[in-house]
**Q** 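First the structure, then my questions, so here it is.
Given the structure is predicted, the values throughout are model-derived calculations rather than measurements. All ligand and atom numbering here is 1-based and tracks the order in the structure. Side chains included, hydrogens not; waters and symmetry mates left out as well; all remaining heavy atoms used.
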Amino acid sequence: MAELVVALDVGSAAAAERLLDAIPAARWVKVGSVLMGREGPALLARLRSRGLSIFLDLKWHDIPNTVAGAVSAARDAGVSMATVHAIGGARMMAAAAAEAGDLALVGVTVLTSHDAQSYDRALGRTGTELDMEVVRLAREAIDAGLRGIVCSPRELAVVRDVIGPGKHLVVPGIRGPGDVVGDQVRTATPAEAVANGATHLVVGRPIIASSDPRRAFDEMRRQLER
Ligand code: C5P
């Protein structure tokens, strides 16, 4: 069954711990650069001691040697899954994958904050079709030895066919039928995402901003099981 990953988009370790106390059934959490920057590796140790699997979403993009070192450090800290930017290139991804061991490295394709114009400008090219660019980078990531990719619900079906079976497909932008969409543009329900091949569903506000996080989490899990 797909995993439900709770995005710890909160301001402190104390807030993260309070949230997790309220969701005893959580098995996976996502730590991003804000919380990591505030709390550092000590937070990872605390999460591990709770028996949680950690998705460290720092989206590395640097020279191969540095990214390989970052992967190695994350692995030593007990991280289960982490992100690199596929645009960092085959050599960077291969160096990272060589250090990953049991850690599942997944590739970020095109940031959803880009539109075609901003992407073209950043890369000094013209005429990019973003969907095709996502597919191209997904292929690069898998060819370089990564275990999967991160994509939006909209790209799931096409990317799944490209990367083949047994790979991780990590998807944010998940909303239950009654949830507020917020700033997410391309959303899917848990059931839709799973039907399209998602293996890890990253959910933030529908759980962490809920007045009853436990109920929100349990309801999402029930929807996954359908
Ligand atoms: O609150 P929400 O469920 O929208 O949070 C989704 C999580 O996934 C957040 O941590 C957000 O930063 C992350 N994310 C995203 N869209 C992307 C990549 C990451 O929402 N394209």
**Q** Is a salt bridge present between R214 and D212, judged by a nitrogen-to-oxygen distance below 4.0 Å?
**A** no
**Q** Might you work through the salt bridge (charged side-chain N to carboxylate O under 4.0 Å, His left out) test for D131 and R154, ending with a clear yes or no?
**A** CA-CA 9 Å; D131 287 0; R154 197 179 76 179; 3.2 Å; yes
**Q** Going by ring pair (Phe, Tyr, Trp, His ring centres under 6.0 Å), name the pairs with one or both residues in residues 92-130, residues two or more places apart or in two chains.
**A** H114-Y119
**Q** Parallel, tilted or perpendicular: which fits the ring planes of W28 and H200, with parallel below 30° and perpendicular above 60°?
**A** perpendicular
**Q** Name the residues with a heavy atom less than 4.0 Å from ligand 1?
**A** A7, D9, K30, T112, P172, R175, Q184, V202, V203, G204, R205, P206
**Q** Could you walk me through whether E133 and R136 satisfy the salt bridge (charged side-chain N to carboxylate O under 4.0 Å, His left out) test, starting with their C-alpha distance in whole Å, then the side-chain angles of each, then the deciding distance to 0.1 Å, before giving a yes or no?
**A** CA-CA 5 Å; E133 183 67 359; R136 185 184 76 77; 3.0 Å; yes
**Q** Could R147 and D102 be called an ion pair, given the rule that one side-chain N must be under 4.0 Å from one carboxylate O?
**A**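 Between D102 and R147 there is no salt bridge, as every charged N stays at least 4.0 Å from the carboxylate O atoms.
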